[in-house]
Each structure stands twice: as C-alpha cells, then as structure tokens.
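Written below as structure tokens is the structure these notes are about.
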Amino acid sequence: MNKEIPRIAVALKPSRRLARFLLGATLVTLALWGALFIYLPWFVWGAGVMAIVVIAACSWRRTLTHACRHLAMAADGFCELTFDSADSQKIVEGNIASGTFIHAWLVSLHVKDEHKTRALLILPDMMTPDEWRQFRVMARHVNVNGKK
C-alpha cells in the first residue's frame with residue numbers, strides 16, 4: 001500500500017512585526033548610546049551613532065536580500081527552503097532537526113542539511129492565518145530524526 005505523505009508549501013512574506021521590533025531595538029540602542037556618550041566630545045558620540053547606523057543598515061540589507069521566501073515541509077521531516085538573493089535563488093533541502101520551537105505567535109524552525117543546521121524564525125504575519133495554523137500543526141507532528 002503506497003500512502004502519500006502529507007505536505008505543506010507556503011510563500012513567506014516579510015514580517016512587519018519583526019521590522020517594527022528591530023526598528024524599536026535600534027532606536028533604544030541609539031538612546032542608550034546617547035545617554036552613555038553625553039559627556040564625551042561630539043565627534044566620539046557621532047562616531048558611535050554612525051557605527052550603529054552602519055551596522056543596522058548592513059543587517060537590514062542582508063535580511064531583505066537573503067531572506068527565505070518559500071518553505072515546503074512534509075510530515076516525514078523533509079523540508080525545502082528557497083532563499084532569494086539579489087541575483088539568484090538558492091534551494092536548501094534538509095530535515096527538521098530537534099530544537100524546533102513552536103508557539104502560537106512564533107516558530108523557530110531548525111533545518112539540518114548535509115553541511116549545517118539553519119534556524120529559521122517564522123512569525124504569523126508572514127503567511128495567511130489558515131496557512132499559519134496548518135504549518136504549526138504540521139511542524140508539531142513532524143517526524144524528527146525517525147522519531148514521532
């Protein structure tokens with residue numbers, strides 16, 4: 001008897017919640033640096049602010065240009081991630097690894113391929129509510145390392 005393995009495939013959108021969180025964290029960091037450098041000369045304070053701005057811009061650029069845009073997952077633990085970069089797509093195939101965290105408002109998915117283990121942070125606003133529900137159920141009942 002040949003049984004088809006249940007599978008889910010979703011297109012991931014950029015998360016607005018995560019963007020707001022990162023923006024808020026950057027502003028709080030700038031405020032704390034401002035409080036620390038208030039008594040230092042202006043050029044030291046300016047250099048610190050510029051360093052934070054450059055680091056934040058680089059991380060935003062990497063996030064926007066190397067993000068996972070498509071996820072396909074099967075009940076047997078097989079997972080396929082599609083990463084978009086500026087000029088090409090990279091498809092990573094692997095298995096769901098232990099350490100995956102599933103909650104109502106956050107999923108931290110660990111995918112192990114032949115080279116390394118990748119952690120993928122997935123929030124509910126990255127897909128439709130129905131896809132989010134199906135994805136969480138599938139991730140919770142996935143067969144990790146041959147165990148159920």
Task: Neighbour count above 12 (heavy atom, 6.0 Å) for Phe21 CZ - done: no
Task: Heavy-atom pair with the smallest gap, counting every atom of Lys13 and Asp125 - done: CE-O, 3.8 Å
Open item on the list: Counting C-beta onward and ignoring hydrogens, is there a side-chain heavy-atom pair between Val10 and Met126 closer than 4.5 Å?
Closed with: no
Task: Asp113 versus Glu93, closest heavy-atom pair with distance - done: CB-O, 3.2 Å
Task: Short side-chain to backbone donor-acceptor contact, Thr100 and His110, under 3.5 Å - done: yes
Task: Side chain proximity check, Cys79 to Val142, heavy atoms < 4.5 angstrom - done: no
Open item on the list: Is there a side-chain contact between Phe101 and Val107 in this structure, where contact means two heavy atoms from C-beta onward sitting under 4.5 Å apart?
Closed with: no
Task: Ile122 side chain near Leu106 side chain, heavy-atom distance below 4.5 Å - done: no
- [ ] Measure the spacing between CG of Leu12 and CZ of Phe83 and express it to the nearest 0.5 Å.
- [x] 9.5 Å
- [ ] Nearest 0.5 Å please: distance from the NE2 atom of His70 over to the CD1 atom of Ile91.
- [x] 9.5 Å
Task: Minimum heavy-atom distance Arg17-Pro124, with the two atoms named - done: NH1-CG, 3.6 Å
- [ ] Evaluate whether atom CZ of Arg7 has more than 12 neighbouring non-hydrogen atoms of other residues, nucleotides or ligands under 6.0 angstrom away.
- [x] yes
Task: Close side-chain approach of Lys90 and Cys68, heavy atoms under 4.5 Å - done: no
- [ ] Any chance you could measure Ile8, atom CD1, to Arg136, atom CZ, to the nearest 0.5 Å?
- [x] 11.5 Å
Open item on the list: Once rounded to the nearest 0.5 Å, what's the spacing between atom CD1 of Ile96 and atom CG of Leu109?
Closed with: 4.0 Å
Open item on the list: Just so I know, are the side chains of Asn95 and Val111 near enough to count as touching, which here means a heavy-atom distance under 4.5 Å?
Closed with: no
- [ ] Consider only side-chain heavy atoms of I, L, V, M, F, W and Y, link residues closer than 4.5 Å, and tell whether Leu121 and Met127 are in one cluster.
- [x] yes
Task: Donor-acceptor pair, side chain of Trp132 and main chain of Ala104, under 3.5 angstrom - done: yes
- [ ] Indicate the atoms forming the closest heavy-atom contact of Met138 with Ala74, along with that distance.
- [x] SD-C, 4.0 Å
Task: Atom pair CZ (Phe78) and CE (Met73), whose distance is rounded to the nearest 0.5 Å - done: 12.0 Å
